[in-house]
Amino acid sequence: MKKIIFETIGNSIMISLFAAGLLEFFTINARYSDSGLEFMLGKISGAFLIYLVLFGISKWIFSKRDKNYSSKDGEFSAADEREKSNSYFASVISYKAIITSLIIALIIFVFVEITTRPPFNETFDLFILGIILFSTVICIGFISYGTAWIFKDTR
């Protein structure tokens, strides 16, 4: 169960930092100049890169301490048949949560697009909304997988 909690929290933080880094990168740190478009690495983008390295190292350390955990397979690494069953159950629940979340995200995206036209005269506003919605859907997938796995394991 430790590996599932570790992967769920780690992946959710990674996606949240990635989304925040994208927003920072394209909305704050992208500047137009005479020489063209210039990008700068911001604090959140730097934190994301540092987190990637630290999360990779911690996955490697975790895989050395727990022989049932593979850093390559992540939350899908299974020690026995029970964990394979938990993984299958959690995958089905996660799939359903992601599909439902994508439908809701699409409805929100279309609703915002329809109701705010013509006030949105820049595509970046929809770009930001898209990043927020899809990163939220990905986090919902990770969290629903972890929650379903733990629920199945404790039953």
Side-chain angles (χ1 to χ4, degrees), residues 1-31 39-113 116 123-155:
M1 189 176 324
K2 290 178 189 175
K3 64 185 168 195
I4 299 302
I5 295 170
F6 173 75
E7 284 285 334
T8 299
I9 293 171
N11 288 334
S12 296
I13 292 171
M14 179 178 60
I15 292 299
S16 299
L17 280 173
F18 178 66
L22 277 177
L23 292 176
E24 176 190 51
F25 188 74
F26 285 108
T27 60
I28 298 171
N29 295 333
R31 304 203 192 298
F39 295 103
M40 295 173 39
L41 188 67
K43 292 178 183 177
I44 298 173
S45 302
F48 170 68
L49 293 176
I50 292 169
Y51 181 79
L52 277 180
V53 171
L54 293 177
F55 188 52
I57 291 170
S58 59
K59 284 177 79 164
W60 180 76
I61 291 171
F62 197 99
S63 70
K64 294 299 177 191
R65 291 187 176 185
D66 185 357
K67 297 301 178 193
N68 297 324
Y69 174 75
S70 166
S71 60
K72 182 178 158 186
D73 294 336
E75 59 267 23
F76 294 110
S77 54
D80 55 18
E81 199 60 39
R82 178 189 54 81
E83 286 190 359
K84 287 180 184 178
S85 173
N86 292 352
S87 182
Y88 175 77
F89 175 78
S91 295
V92 170
I93 298 297
S94 180
Y95 172 79
K96 290 177 182 180
I98 288 172
I99 295 301
T100 304
S101 300
L102 279 173
I103 292 169
I104 293 169
L106 181 63
I107 291 168
I108 291 170
F109 192 80
V110 169
F111 178 77
V112 168
E113 171 67 18
T116 58
T123 57
F124 261 54
D125 296 328
L126 292 175
F127 174 73
I128 292 169
L129 179 63
I131 289 175
I132 292 169
L133 287 174
F134 287 107
S135 60
T136 302
V137 168
I138 294 169
C139 286
I140 287 171
F142 286 134
I143 292 168
S144 65
Y145 180 89
T147 305
W149 199 99
I150 292 168
F151 173 77
K152 175 80 168 153
D153 192 53
T154 57
R155 274 201 303 167

**Student:** What's the spacing between L54 CG and I61 CD1 if we round to 0.5 Å?
**Tutor:** 9.5 Å

**Student:** Kindly indicate whether the side chain of F6, heavy atoms from C-beta on, has any atom under 4.5 Å from the side chain of S58.
**Tutor:** yes

**Student:** Locate the shortest heavy-atom distance separating C139 from I15; write the atom from each residue and the value.
**Tutor:** SG-CG2, 3.8 Å

**Student:** Indicate yes or no: at least one non-hydrogen side-chain atom of K2 is less than 4.5 angstrom from one of R65.
**Tutor:** no

**Student:** Once rounded to the nearest 0.5 Å, what's the spacing between atom OG1 of T154 and atom CG of N86?
**Tutor:** 9.0 Å

**Student:** Out of curiosity, S101 OG to L106 CG, how far, rounded to the nearest 0.5 Å?
**Tutor:** 12.5 Å

**Student:** Output all residues satisfying side chain to side chain donor-acceptor pair (under 3.5 Å) with Y69, sequence neighbours left out; order by chain, then residue number.
**Tutor:** E7

**Student:** Answer yes or no: does atom CZ of F134 have more than 12 heavy-atom neighbours from other residues, nucleotides or ligands under 6.0 Å?
**Tutor:** no

**Student:** With a 4.5 Å limit on heavy-atom distance, are the side chains of I132 and L23 in contact?
**Tutor:** yes

**Student:** For the residue pair S144 and A97, what are the closest heavy atoms and their distance?
**Tutor:** OG-CB, 3.6 Å

**Student:** Other residues, nucleotides and ligands only: do more than 12 of their heavy atoms fall within 6.0 Å of CZ on F55?
**Tutor:** yes

**Student:** Search all heavy atoms of G141 against all heavy atoms of I98 and return the closest pair with its distance.
**Tutor:** CA-CG1, 3.5 Å

**Student:** Identify the two heavy atoms, one from A47 and one from L17, that lie closest to each other, and give their separation to 0.1 Å.
**Tutor:** O-CD1, 4.3 Å

**Student:** Taking atom CD1 of I138 and atom CG of N11, what is their separation to the nearest 0.5 Å?
**Tutor:** 10.5 Å

**Student:** How close do A90 and W149 get, counting heavy atoms only, and between which atoms?
**Tutor:** CB-N, 3.7 Å

**Student:** Name all pairs fulfilling the salt bridge (Lys or Arg N to Asp or Glu O under 4.0 Å) condition that reach into residues 128-153, sequence neighbours left out, sorted by first residue then second.
**Tutor:** R82-D153

**Student:** Can you measure from CD1 (I143) to OG1 (T8) and round to the nearest 0.5 angstrom?
**Tutor:** 8.0 Å

**Student:** Using 0.5 Å steps for rounding, measure from the CD1 atom of I13 to the OH atom of Y51.
**Tutor:** 4.5 Å

**Student:** Any idea which heavy atoms bring N68 and K3 closest together, and the distance?
**Tutor:** O-NZ, 3.6 Å

**Student:** Kindly write out the residues that satisfy side chain to side chain donor-acceptor pair (under 3.5 Å) with S87, not counting sequence neighbours, or none if the list is empty.
**Tutor:** Y145

